[in-house]
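These numbers come from a predicted model, not from an experiment. Order of the sequence lines sets the chain letters (A, B, ...), proteins ahead of strands, with each chain counted from 1.
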Protein chains: 2
Amino acid sequence: MNSFFEQHATFIADNPKFIEDFQGIMHYEQHPKNTILHEAGKVCDYMYLIISGIARVFYFIEDKDVSCHFAAEQETFTAIDSFIQRKKSKYFVEALEDLEVFKIAHSDLENLFTSTPKYERFGRLFLQQLYIDLVERLDNLQLKTAQERYEILLEKKPYLIQRITSKHIASYLGVTPETLSRIKK
Amino acid sequence: MNSFFEQHATFIADNPKFIEDFQGIMHYEQHPKNTILHEAGKVCDYMYLIISGIARVFYFIEDKDVSCHFAAEQETFTAIDSFIQRKKSKYFVEALEDLEVFKIAHSDLENLFTSTPKYERFGRLFLQQLYIDLVERLDNLQLKTAQERYEILLEKKPYLIQRITSKHIASYLGVTPETLSRIKK
DNA sequence: AATTTTTATTGATAATTGTCAAGTAGTAAT
DNA sequence: ATTACTACTTGACAATTATCAATAAAAATT
């Protein structure tokens with residue numbers, strides 16, 4: 001239940017024009033591996049839906065690189081703080097693999113929401129799902145051990161562990177690369 | 001910037017009928033201290049806005065009581081997993097002090113959203129704010145020490161530390177009561 | 001007010017995780 | 001292929017936090 005279309009299958013089924021309406025504001029793009037798609041300190045005007053590849057959202061805290069979100073095929077990403085609040089972001093976004101994406105401009109999305117109330121509703125449902133996912137991650141950090149957090153990720157999103165370097169997985173789990181290496185033994 | 005009205009002041013100012021429209025579906029209630037307002041395993045049909053008192057949202061994991069949300073005056077609470085997903089909740093909600101609240105039924109809120117698109121929009125904005133707050137908490141858990149997390153809470157919500165027992169604050173911060181006691185020395 | 005119960009603190013010890021350093025392996029570049 | 005660079009692993013040790021036990025303090029009950 002990770003993919004965008006799975007998570008919102010009911011809404012999409014109830015609104016046959018969904019695909020058509022969104023195609024009007026989605027733009028296909030390719031970005032080679034290691035491209036920086038967004039830089040901290042700038043306002044992020046786009047949300048992305050991945051066709052192929054993996055993206056990483058991260059930020060720096062006292063020179064330490066901390067990953068906070070990964071997205072693979074059929075998942076979405078953006079510099080969420082900035083996209084929501086329309087202010088400078090703390091996040092960077094980079095392509096960990098060659099990326100094919102659809103991107104949607106914030107302004108186009110706003111216009112769609114304003115002109116078509118049922119899509120305003122969709123925006124709310126989409127955010128609800130993000131919220132639920134985040135609550136689950138928070139619960140894990142609050143009271144699971146590093147080992148348990150690794151096992152949960154391994155079970156829920158094995159493709160991330162296979163395709164992303166250990167040091168990024170480590171910071172995402174809130175541990176050092178050394179600790180993660182020992183956990184995997 | 002904790003209170004419901006502060007956080008949504010702009011929207012409320014732009015929509016003079018906001019208070020009036022919401023008053024139509026808000027119901028005043030009192031609950032004495034220690035009342036259980038919601039039980040795990042049930043679907044939660046209400047969202048609450050506090051007039052006075054403090055509420056605690058918590059759940060059990062292997063017999064351990066874990067606090068995950070506190071709300072005081074002008075803040076909101078609900079069993080968020082259930083309220084959003086319309087399924088059985090994992091959370092309990094209790095009154096830590098005598099409570100005066102306005103409660104809003106999920107169905108009334110849905111009807112308001114459906115009949116008045118601008119409130120659908122409000123629902124989305126409200127959720128966006130919750131999301132931003134949660135991201136911040138997650139960042140803290142991911143890479144701050146217990147001491148730092150305590151200091152951040154002390155700075156942001158001192159009234160919680162003053163009015164809530166240490167053992168609840170401890171589980172909210174993800175540490176044992178013993179550790180919290182030592183941090184406070 | 002006295003008793004019971006719950007909560008908070010303190011000490012000793014153990015477990016978990018982080019830090020630093022060294023070495024290995026893998027990847028990319030020339 | 002050789003070199004350079006980065007990532008991964010391992011070991012020794014330090015720091016943080018948890019656990020268990022005992023006591024003290026506070027709150028609730030009688």
Please give, in whole Å, the distance from [N] [atom2] to [X] [atom1]?
{"X": "B:L141", "N": "D:dT16", "atom1": "CG", "atom2": "C1'", "result": "16 Å"}
{"X": "A:K167", "N": "C:dG26", "atom1": "NZ", "atom2": "C1'", "result": "14 Å"}
{"X": "A:D65", "N": "D:dA7", "atom1": "CG", "atom2": "P", "result": "10 Å"}
{"X": "A:K184", "N": "D:dA7", "atom1": "NZ", "atom2": "C1'", "result": "10 Å"}
{"X": "A:I183", "N": "D:dT10", "atom1": "CD1", "atom2": "P", "result": "14 Å"}
{"X": "B:I164", "N": "C:dT6", "atom1": "CD1", "atom2": "C1'", "result": "17 Å"}
{"X": "B:L173", "N": "D:dA18", "atom1": "CG", "atom2": "P", "result": "11 Å"}
{"X": "A:L143", "N": "C:dT17", "atom1": "CG", "atom2": "C1'", "result": "17 Å"}

Within a 6.0 Å radius of atom NZ on A:K184, are there more than 12 heavy atoms belonging to other residues, nucleotides or ligands?
yes
Taking only the side-chain nitrogens and oxygens of [X], find out if one of them lies under 4.0 Å from OP1 or OP2 of [N].
{"X": "A:T145", "N": "C:dT16", "result": "no"}
{"X": "A:T179", "N": "C:dG18", "result": "yes"}
{"X": "A:T176", "N": "C:dG18", "result": "yes"}
{"X": "A:S166", "N": "D:dC8", "result": "yes"}

Counting only side-chain heavy atoms from C-beta out, which of C:dT10, C:dG18, D:dT10 sits nearest to B:S181?
C:dT10
Measure from the side chain of A:R182, starting at C-beta and using heavy atoms only, and say which of D:dG11, C:dA12, D:dT17 lies closest.
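Shortest atom-to-atom distance from the side chain points to D:dG11.
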D:dC8 base / A:E178 side chain donor-acceptor hit below 3.5 Å
no
I want to check a possible cation-pi pair here: A:R163 against A:Y159, using under 6.0 Å from ring centre and within 45° of the ring axis as the test.
no
Kindly assign one of parallel, tilted or perpendicular to the pair B:F18 and B:Y119, based on the angle between their ring planes and the thresholds 30° and 60°.
perpendicular
Is the B:H8-B:F122 ring centre distance short of 6.0 angstrom?
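Yes, ring centres under 6.0 Å apart.
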When you measure from the side chain of B:R149 to the backbone N and O of B:L173, does any donor-acceptor pair fall under 3.5 Å?
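Yes: the side chain of B:R149 pairs with the backbone of B:L173.
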